[in-house]
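Structure first, commentary second.
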Amino acid sequence: MPELPEVEVTRRSFAGRIAGARVLAARLGKPLRWPLGCDPQALAGRQVQGVRRRGKYLLIDLDAGLLLLHLGMSGSLSFMPEAPEAGPHDHFDLFTTQGVLRLNDPRRFGAVVYVTGEDDPVAQKLLGGLGVEPLGPDFEPVAFHAALRRRQAPIKQVLLAGDVVVGVGNIYASEALFLAGIRPTTRASRLSLPRATRLHAAVQEVLARAVDKGGSTLRDFSNAWGEAGYFQLEAMVYDRAGQPCRRCGQTIRRMVQGQRATYFCRGCQV
DNA sequence: AAAAGCCCCTGGATGC
DNA sequence: TGCATCCAGGGGCTTT
């Protein structure tokens with residue numbers, strides 16, 4: 001489910017309310033992708049300093065150590081004054097003096113991992129290989145072009161890989177390539193500087209706009225307030241196979257790259 | 001080093 | 001109605 005916009009929207013929806021809270025207890029449901037990495041009881045008494053985001057990870061800073069949280073494919077967070085009884089897909093609860101942070105994740109591709117710091121080997125393994133933040137100052141056209149020149153894979157898959165630029169998932173990769181007028185199958189190394197620059201701008205534009213719209217709610221995404229997102233309503237290509245292109249009228253195509261669906265317009269993307 | 005496949009898991013939609 | 005099949009916002013790990 002969640003790409004950078006959904007994760008960022010989630011972060012903003014509870015960061016302010018949980019900051020300063022004291023952890024009372026933690027509860028685990030079924031196993032997630034990785035073990036928590038500490039006894040849940042050991043979290044009691046720690047204070048939440050704030051919530052950051054790195055790529056699609058949320059970093060919940062504690063006064064000692066931090067929690068790395070990933071929503072995987074089907075995860076969503078809620079933050080409520082009091083938690084209803086846990087349902088079958090509620091796999092992590094953090095009870096605090098200011099409310100309960102709950103992770104609901106039917107498919108359990110998500111994770112909550114405790115690490116002592118960002119230099120912790122586990123944190124390094126998960127965060128160390130990530131590319132630059134697309135909405136940060138390090139995402140810059142010339143460096144982006146240089147990084148793409150080293151990659152022979154199709155540009156769609158390079159965007160998804162996350163080691164050049166983070167946070168672009170399956171929806172926004174298709175959308176950004178449409179905006180930039182680039183075929184998803186184009187080898188990354190063959191993009192000229194002007195085209196890479198267009199793609200750079202398109203990635204920033206589509207992600208920023210999606211954050212603005214509260215993310216995309218295709219099935220069940222909602223932020224920690226329970227509010228849905230609306231970006232899916234303005235998707236140009238994603239999940240629109242067989243429908244007319246909103247720009248040129250040609251039929252939107254669906255193809256498969258690396259076992260993931262890609263949507264594009266033959267008329268608008270060269 | 002980089003690319004390509006393979007999984008992890010559950011639920012909803014579709015088709016017979 | 002029931003059952004099989006396909007598909008889904010991710011990404012680490014293993015193999016080429």
Side-chain angles (χ1 to χ4, degrees), chain A residues 1-11 29-35 53-58 68-77 87-91 103-113 121-131 134 146-176 184-190 203 206-207 210-211 213-223 228-235 237-242 254-263:
Chain A
M1 164 212 341
E3 306 181 33
L4 181 148
E6 291 74 31
V7 176
E8 177 60 17
V9 163
T10 297
R11 188 190 71 78
K30 286 194 194 174
L32 293 163
R33 181 158 194 175
W34 297 295
R53 180 189 56 71
R54 177 75 177 98
K56 298 173 188 169
Y57 284 90
L58 287 174
L68 305 182
L69 206 147
H70 200 290
L71 300 177
M73 206 75 147
S74 60
S76 62
L77 285 177
H89 302 306
D90 295 326
H91 300 304
L103 173 66
N104 180 275
D105 185 5
R107 293 178 72 179
R108 292 189 283 129
F109 291 169
V112 183
V113 178
V122 176
Q124 276 299 310
K125 184 188 72 173
L126 298 179
L127 306 177
L130 296 183
L148 295 184
R149 289 202 56 165
R150 288 176 230 122
R151 305 291 286 266
Q152 307 301 307
I155 182 60
K156 159 80 174 347
Q157 288 170 255
V158 173
L159 286 177
L160 275 191
D163 51 356
V164 173
V165 58
V166 292
V168 182
N170 211 36
I171 298 177
Y172 302 110
S174 283
E175 292 298 313
T185 47
T186 308
R187 308 257 146 211
S189 57
R190 307 198 50 163
V203 165
V206 76
L207 294 179
V211 170
K213 290 285 170 181
S216 295
T217 297
L218 298 187
R219 293 174 182 71
D220 50 12
F221 170 74
S222 63
N223 66 27
Y230 295 93
F231 183 85
Q232 73 282 2
L233 299 177
E234 47 191 79
V237 289
Y238 186 79
D239 207 19
R240 296 197 64 242
R254 177 189 188 274
M255 65 188 290
V256 175
Q257 293 179 287
Q259 292 105 241
R260 313 290 302 275
T262 301
Y263 300 87

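Treat the numbers as computed from the prediction; the structure is a model and nothing was measured. Numbers restart at 1 for each chain; the letters A, B, ... are given by sequence-line order, proteins then strands.
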* Please report the closest heavy-atom contact between A:Glu3 and A:Lys56, naming both atoms and the distance. => CA-CE, 4.0 Å
* With sugar-phosphate meaning primed atoms plus P, OP1 and OP2, does A:Ala261 contact a base, only sugar-phosphate, or nothing at under 4.0 Å between heavy atoms? -> sugar-phosphate
* To do: Identify all stems in which DNA chain B takes part, counting only runs of at least 3 consecutive pairs (Watson-Crick or G-U wobble, each distance under 3.5 Å), and give each as one range with another, ordered by first number.
  => B:2-8 with C:10-16, B:10-16 with C:2-8
* Asked: How far apart are the C-alpha atoms of A:Val203 and A:Tyr172, what are their side-chain angles, what is the distance that settles it, and do they pass the side chain to side chain contact (heavy atoms under 4.5 Å, CB included) test?
  -> CA-CA 8 Å; A:Val203 165; A:Tyr172 302 110; over 6 Å; no
* So, do A:Gln232 and A:Asp239 sit near enough that their side-chain heavy atoms are less than 4.5 Å apart? -> no
* **Between P of C:dC6 and CZ of A:Arg254, the distance in whole Å** => 12 Å
* **Nearest-Å distance for atom pair CG/P, residues A:Asn170 and C:dG10** => 6 Å
* **Trace of the side chain to side chain contact (heavy atoms under 4.5 Å, CB included) decision for A:Arg108 with A:His91** => CA-CA 8 Å; A:Arg108 292 189 283 129; A:His91 300 304; 3.5 Å; yes
* Taking it one step at a time, do A:Val165 and A:Leu159 satisfy side chain to side chain contact (heavy atoms under 4.5 Å, CB included)? -> CA-CA 7 Å; A:Val165 58; A:Leu159 286 177; 4.1 Å; yes
* Asked: Atom CG of A:Leu71 and atom C1' of C:dG10: how far apart are they, to the nearest Å?
  -> 10 Å
* Asked: A:Phe109 on top of B:dC8's base, within under 5.5 Å and under 30°?
  -> yes
* Contact state string [nucleotides 11-16 of chain C, B base, S sugar-phosphate only, - no protein heavy atom under 4.0 Å] -> BSS---
* Compare every heavy atom of A:Leu32 with every heavy atom of A:Gly110, then report the nearest pair and how far apart it is. => O-CB, 3.3 Å
* In whole angstroms, how far is the P atom of C:dG10 from the CD atom of A:Gln257? -> 14 Å
* Asked: Is there a side-chain contact between A:Leu71 and A:Leu103 (heavy atoms, below 4.5 Å)?
  -> yes
* Can you see which heavy atom on A:Val158 is nearest to which on A:Leu148, and at what distance? => CG1-CD2, 3.9 Å
* Test item: A:Glu6 side-chain N/O and A:Ser216 main-chain N/O as donor-acceptor pair under 3.5 Å -> yes
Detail all sub-3.5 Å separations between protein N/O atoms and N/O atoms belonging to nucleotides 10-14 of chain B.
unit_1 : atom_1 : unit_2   : atom_2 : d
B:dT10 : OP1    : A:Arg108 : NH2    : 2.9
B:dT10 : O4'    : A:Pro106 : O      : 3.4
B:dG11 : OP1    : A:His89  : NE2    : 2.8

* Identify whether any heavy atom of A:Gly169 sits under 4.0 Å from a base atom; if not, whether one sits that close to sugar-phosphate; answer base, sugar-phosphate or nothing. => sugar-phosphate
* Check every strand shown and say whether A:Tyr172 touches a base, only sugar-phosphate, or nothing at a heavy-atom separation below 4.0 Å. => nothing
* CA sep, side-chain torsions, deciding dist, call: A:Leu126, A:Tyr57, side chain to side chain contact (heavy atoms under 4.5 Å, CB included) -> CA-CA 9 Å; A:Leu126 298 179; A:Tyr57 284 90; 3.7 Å; yes
* Asked: Below 4.0 angstrom from OP1 or OP2 of B:dA2, is there any side-chain N or O of A:Arg187?
  -> no
* Would a 4.5 Å heavy-atom cut-off, applied to side chains only, mark A:Arg187 and A:Pro154 as touching? -> yes
* Asked: Which whole-number value in Å describes the distance from A:Gln157 CD to C:dG10 P?
  -> 13 Å
